[in-house]
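FYI, side chains are in, hydrogens and waters are out, and symmetry mates aren't considered; it's all heavy atoms of this structure.
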Amino acid sequence: MIAFVSGPVAALAPDTAVVEVGGVGLAVQCTPDTLSGLRLGQPARLATSLVVREDSLTLYGFADDDERQTFELLQTASGVGPRLAQSMLAVHSPDALRRAVATGDEKALTAVPGIGKKGAQKLLLELKDRLGAPAGAVQAAAPAAKAAGWRDQLHTALVGLGYAPREADDAVAAVAPRAEAGDGPPPPVPQLLRAALQTLNRAR
């Protein structure tokens with residue numbers, strides 16, 4: 001098992017980072033939020049989980065051990081493979097997922113692409129005793145504290161992924177109606193980043 005990789009970032013793509021380890025470039029599948037914290041040529045350390053299939057070896061990377069452990073626990077639920085587990089972490093932080101499961105928040109799970117109402121109900125039952133309790137109210141309030149600066153965070157993440165500042169500006173403008181709809185806080189930055197990347201991919 002490869003527990004982590006550490007080395008300079010050799011390349012970045014919308015869903016992959018290449019980390020150079022001992023002269024070898026390891027491709028690591030990451031969420032947009034994890035990728036947004038990486039910079040080309042800069043050192044990085046990613047917690048990893050190796051998924052072995054008959055025809056492939058896929059390395060998934062995470063910002064910390066909590067994300068990796070949550071990724072692996074999510075896959076203990078029936079019907080949840082690595083891609084869906086990673087999608088869940090792209091939309092929600094580990095603690096947000098723990099809160100959703102602890103409170104039976106079906107709506108939070110259906111916000112993840114690929115999870116419908118019945119699937120969410122099933123996951124809530126299966127994961128209830130597996131993910132553990134949320135860390136507490138202090139972390140729960142953190143996303144709201146970041147809400148006001150979502151534009152700067154999103155722009156910085158896109159530029160860090162290699163997009164030109166003008167492209168990043170256009171992508172931020174494209175997702176602004178979605179981010180600012182309603183009276184509540186905007187969606188999490190990782191979710192907005194996913195939408196921005198989709199906009200940029202369509203434009204190319």
Side-chain angles (χ1 to χ4, degrees), residues 1-5 15-16 28-37 45-54 56-147 150 153 178-179 181-195 197-198:
M1 165 116 182
I2 301 174
F4 70 89
V5 297
D15 60 357
T16 309
V28 187
Q29 300 285 315
C30 303
T31 65
D33 192 37
T34 299
L35 289 169
S36 70
R45 185 184 189 279
L46 296 172
T48 56
S49 179
L50 180 63
V51 176
V52 180
R53 295 286 186 265
E54 288 185 4
S56 66
L57 296 173
T58 306
L59 200 59
Y60 290 85
F62 309 93
D64 54 41
D65 290 335
D66 186 26
E67 278 194 3
R68 179 186 61 194
Q69 184 178 19
T70 303
F71 171 80
E72 292 172 349
L73 287 172
L74 289 171
Q75 293 177 73
T76 64
S78 59
V80 178
R83 290 193 179 278
L84 182 55
Q86 190 178 51
S87 292
M88 294 171 76
L89 286 167
V91 176
H92 299 295
S93 69
D95 208 51
L97 285 171
R98 286 190 284 265
R99 282 197 303 277
V101 171
T103 60
D105 188 352
E106 182 181 304
K107 187 176 180 181
L109 294 187
T110 56
V112 178
I115 298 181
K117 185 174 181 179
K118 289 184 178 179
Q121 292 171 344
K122 185 177 180 182
L123 286 172
L124 288 173
L125 287 174
E126 290 195 34
L127 295 172
K128 188 172 183 180
D129 299 321
R130 301 183 192 181
L131 290 187
V138 174
Q139 287 193 0
K146 296 180 181 179
W150 72 265
Q153 292 180 61
R178 174 177 176 178
D183 298 326
V189 171
Q191 191 172 334
L192 294 175
L193 181 57
R194 176 190 289 264
L197 290 171
Q198 291 173 344

Check: residues 115-122 side-chain donor-acceptor pairs under 3.5 Å, at least two apart:
unit_1 : atom_1 : unit_2 : atom_2 : d
Gln121 : NE2    : Glu106 : OE1    : 3.3
Lys122 : NZ     : Ser78  : OG     : 3.3

Applying side-chain contact (heavy atoms from CB on, under 4.5 Å), name anything that partners Ile2, two or more places apart in sequence or on another chain.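 For Ile2, the residues satisfying side-chain contact (heavy atoms from CB on, under 4.5 Å) (neighbours in sequence not counted) are Val5, Thr48, Leu59.
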Taking every non-hydrogen atom, the tightest pair across [X] and [Y]:
X: Glu126; Y: Ala77; value: OE1-CA, 3.2 Å
X: Leu193; Y: Pro32; value: CD2-O, 3.1 Å
X: Leu124; Y: Val101; value: CD2-CA, 3.7 Å
X: Leu109; Y: Met88; value: CD2-CE, 4.2 Å

Distance from [X] atom [atom1] to [Y] atom [atom2], nearest 0.5 Å?
X: Gln75; Y: Arg83; atom1: CD; atom2: CZ; answer: 11.5 Å
X: Ser93; Y: Arg99; atom1: OG; atom2: CZ; answer: 6.0 Å
X: Asp15; Y: Leu35; atom1: CG; atom2: CG; answer: 7.5 Å
X: Asp105; Y: Thr110; atom1: CG; atom2: OG1; answer: 8.0 Å

Can you confirm whether [X] sits close enough to [Y] that some side-chain heavy atom of one is under 4.5 Å from a side-chain heavy atom of the other?
X: Pro82; Y: Thr58; value: no
X: Leu89; Y: Leu97; value: yes
X: Pro113; Y: Val91; value: yes
X: Leu131; Y: Leu74; value: yes

Among pairs that include at least one residue of residues 71-94, which meet ring-ring contact (aromatic ring centres under 6.0 Å, His included), considering only residues two or more places apart or in two chains? Tyr60-Phe71, Phe62-Phe71
Taking side chain to side chain donor-acceptor pair (under 3.5 Å) as the test, write out the residues that go with [X], two or more places apart.
X: Asp65; result: Arg68
X: Thr31; result: Thr34
X: Arg130; result: Thr76
X: Thr103; result: none

Partner residues of Asp66 under the salt bridge (charged side-chain N to carboxylate O under 4.0 Å, His left out) criterion, sequence neighbours left out: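 Result, salt bridge (charged side-chain N to carboxylate O under 4.0 Å, His left out) vs Asp66: Arg98.
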Considering residues at least two apart in sequence or located in another chain, which fulfil the salt bridge (charged side-chain N to carboxylate O under 4.0 Å, His left out) criterion with Asp64?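 With neighbours one apart ignored, the set is empty.
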Flag if over 12 foreign heavy atoms under 6.0 Å of CD, Gln69: no
